[in-house]
There are 2 protein chains.
Amino acid sequence: MSGGTGWQDVRDEALRRIRARIWAPGDRIPDEAALAEELGCARATVNRALRDLAEAGLLERRRKGGTRVPLTPVRKATFSIAIIRQDIEARGQVPGYRVLGDRLEPAPEWLRSRMGDGPLRHVTALHTADGAGFCLEDRWLNPVLVEGVSFETLSANEWLVGNVSFAEGTLAFHAVSATLDLARALGCREGDALLALDRETRGEGPITWVRLVYAPGHRVQAAL
Amino acid sequence: MSGGTGWQDVRDEALRRIRARIWAPGDRIPDEAALAEELGCARATVNRALRDLAEAGLLERRRKGGTRVPLTPVRKATFSIAIIRQDIEARGQVPGYRVLGDRLEPAPEWLRSRMGDGPLRHVTALHTADGAGFCLEDRWLNPVLVEGVSFETLSANEWLVGNVSFAEGTLAFHAVSATLDLARALGCREGDALLALDRETRGEGPITWVRLVYAPGHRVQAAL
DNA sequence: GAGTGGTCTAGACCACACG
DNA sequence: GTGTGGTCTAGACCACTCG
């Protein structure tokens, strides 16, 4: 457009005013109707733009209270969770996969509150990139959902996304010290610091709990 | 409304169909106009709902190509980046802060491509929770932006959010092994595995590069 | 009570990508 | 070319909350 009345233009203008401190932290900014008139667009367009900034944490909006620039902005970062094989391919490496263990076991104590008291299917597997250890997967599965399924060639990760409906869950990063097993699998030394990612997935009941431990030096990047 | 034609209702119905595999991975779903008619709402309402799902990675939309359920969904996780002090307070602990070093230094080789060749202000500080080491901050600042500013009482983190305009940047998680200095500051043993977060911030030029190394056991949680 | 954002509608035009 | 999503508009009503 010529006049620049797209919602992205409105968002950019708002962003400019925030950055330039025309709208300073703590300030209440003009309401949607006023901005719409000033910028020559419909209120819905202003709404779209300001909602976008609010989702990013750069504005706080409340009915009746108006829209404010937060004093202590809580920015949100997002990162994509891809299938590990795709992750490796995206790095230009050749992915590999090998199952190390696959048994029905009693649920460990710490997992029972999340996945029930019954026995769980415990699968451990190694993902490789160009033949080298990339990531060790330690997974506990609800056995009912994966009855008779083999994970020898297709990783549990990929099988799940293709065969179990989308679900909710939680995810956490932390650091672990390489045990002897981890060190062997990932080709590092015992005690090395490794990045780990725990993920818990629920649908209409518990689905899986998994810990991925990455080879030394691995970084998980997010967009701000 | 009675019939329940809000965009969230449309989103929930779409989600139900995805989960129930009425719309299976790879399928193309009906276009907006058809869904609007079927569900008895305006096309804009359907658009809002499907756009929301697409942003979450549960649908793929392309002009002319229509909307599809992705074969390999790339879910997006988001986590909030708060000020460290608020982080500690949210855990019900008493935050503390102590500057360990604050000098102008030549930029290290690896940082020059990102922050220029000139000298940088190098600030190291320890954040504590209930008196115990919580997080060690190793920060390099564009000296022009923080000329004459003291970080003795207010952390650079907080000063920046309050005094430098919002900016873009990158963020990455990885694991580091505790050096002797880290071990002393965080009250752990040398070689312990620690979670680290690198953040780079740019505005109209480089602003800061910072590495936060957390005490052992720290987890960063994200919502899926 | 009243002001503000949240949302819906019906219609319109545009931009892109596929055949 | 043509179908699909992307967006804008003008108006309306609703829901939350602040005073």
Side-chain angles (χ1 to χ4, degrees), chain A residues 1-15 17-18 22-71 73-74 76, chain B residues 1-15 17-18 22-71 73-74 76:
Chain A
M1 268 299 154
S2 54
T5 50
W7 71 266
Q8 295 217 16
D9 299 303
V10 175
R11 184 201 55 190
D12 291 346
E13 172 60 16
L15 201 49
R17 293 185 187 185
I18 294 170
I22 296 168
W23 295 340
D27 279 4
R28 176 166 171 182
I29 76 171
D31 65 33
E32 295 185 347
L35 284 171
E37 190 179 5
E38 184 201 341
L39 301 174
C41 63
R43 183 168 81 91
T45 305
V46 174
N47 180 280
R48 177 86 152 88
L50 299 187
R51 180 159 36 85
D52 195 70
L53 290 173
E55 275 169 17
L58 274 75
L59 288 176
E60 282 175 354
R61 319 196 73 199
R62 291 217 303 254
R63 284 164 150 129
K64 168 69 177 178
T67 300
R68 290 176 174 281
V69 181
L71 282 169
V74 176
K76 286 172 188 165
Chain B
M1 267 297 159
S2 52
T5 49
W7 70 268
Q8 297 216 18
D9 299 304
V10 176
R11 183 199 57 190
D12 291 346
E13 172 59 15
L15 201 50
R17 294 185 185 185
I18 294 170
I22 296 169
W23 295 341
D27 280 3
R28 176 166 170 182
I29 77 171
D31 65 32
E32 295 185 347
L35 284 171
E37 190 180 2
E38 184 201 340
L39 301 173
C41 65
R43 185 168 77 92
T45 305
V46 174
N47 181 280
R48 176 84 154 88
L50 299 188
R51 180 160 37 83
D52 194 68
L53 289 173
E55 275 170 14
L58 275 76
L59 288 175
E60 282 175 355
R61 320 195 74 201
R62 291 214 307 250
R63 283 165 149 129
K64 170 69 178 174
T67 300
R68 291 176 174 279
V69 182
L71 281 169
V74 177
K76 287 173 187 165

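Chain naming here is simple, since letters A, B, ... match the order of the sequence lines and numbering starts at 1 in each.
Considering only side-chain N and O atoms, A:N47 lies under 4.0 angstrom from the phosphate OP1 or OP2 of C:dG6. Residue B:T67 places none of its side-chain N or O atoms closer than 4.0 Å to OP1 or OP2 of D:dT4. The side chain of B:T5 places no N or O atom within less than 4.0 Å of a non-bridging phosphate oxygen (OP1 or OP2) of C:dC8.
The CG-C1' distance, from B:L39 to C:dT7, rounds to 17 Å in whole Å. Going from atom CG of B:L53 over to atom P of D:dG5 covers 14 Å, rounded to whole Å. For the pair B:W7 CH2 and C:dG5 P, the computed distance is 18 Å after rounding to whole Å. Across the protein-nucleic acid pair, A:D9 atom CG and D:dG6 atom C1' stand 14 Å apart, rounded to whole Å. Remark: P of D:dG6 and CZ of A:R11 are 15 Å apart, rounded to the nearest angstrom. When rounded to the nearest whole Å, the span between CG of B:L59 and P of D:dG5 equals 11 Å. Remark: C1' of D:dT4 and CD of B:E60 are 15 Å apart, rounded to the nearest angstrom. Computed from coordinates, the A:R68 CZ to C:dG3 P distance equals 17 Å when rounded to whole Å.
We find the CD1-CD1 distance between B:I29 and B:I18 to be 7.0 Å, quoted to the nearest 0.5 Å. Taking CZ of A:R11 as the start and CG of A:D9 as the end, the distance is 9.0 Å to the nearest 0.5 Å.
Taking the side chain as every heavy atom from C-beta outward, A:C41 and A:W7 never approach each other to under 4.5 Å. Within the 4.5 Å cutoff, the side chain of B:T5 has no heavy atoms near those of the B:V10 side chain.
Taking each heavy atom of A:P70 and A:P25 in turn, the nearest pair found is O-CB, 3.8 Å.
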Under 3.5 Å, which N/O atoms of the protein pair with N/O atoms of nucleotides 17-19 of chain C?
{"residue": "C:dC18", "atom": "OP1", "partner": "B:R62", "partner atom": "NE", "Å": "3.4"}
{"residue": "C:dC18", "atom": "OP1", "partner": "B:R62", "partner atom": "NH2", "Å": "2.9"}

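Heavy-atom contacts from other residues, nucleotides or ligands closer than 6.0 Å to CD of A:E38 number more than 12.
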Checklist entry - Should B:D31 and B:T67 be marked as a side chain to side chain contact (heavy atoms under 4.5 Å, CB included) after you check the CA-CA gap, both sets of side-chain angles, and the distance that decides it? => result CA-CA 7 Å; B:D31 65 32; B:T67 300; over 6 Å; no
Item to check | Verdict with supporting geometry, B:L58 and B:V69, side chain to side chain contact (heavy atoms under 4.5 Å, CB included) | outcome: CA-CA 7 Å; B:L58 275 76; B:V69 182; over 6 Å; no
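Contact of A:R48 with D:dG6 (side chain to base): no donor-acceptor pair of N or O atoms is detected under 3.5 Å. Between the side chain of B:R43 and the base of D:dT7, a donor-acceptor pair under 3.5 Å is found.
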Name the atoms and distances for all side-chain donor-acceptor pairs under 3.5 Å in residues 47-57 of chain B, with sequence neighbours left out.
{"residue": "B:N47", "atom": "OD1", "partner": "B:R51", "partner atom": "NE", "Å": "3.4"}
{"residue": "B:N47", "atom": "ND2", "partner": "B:E32", "partner atom": "OE2", "Å": "2.8"}

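A heavy-atom distance below 4.0 Å to DNA chain D is reached by none of the residues of residues 25-34 of chain A.
Projected onto DNA chain C by closest heavy-atom contact, A:L50 and B:A44 fall at different nucleotides, the more 5' of which corresponds to A:L50.
Using modelled atom types, no side-chain atom of B:R43 and backbone atom of B:A33 make a donor-acceptor pair closer than 3.5 Å.
Among the nucleotides C:dA10, D:dG6, C:dT7, the one closest to the side chain of B:R61 is D:dG6.
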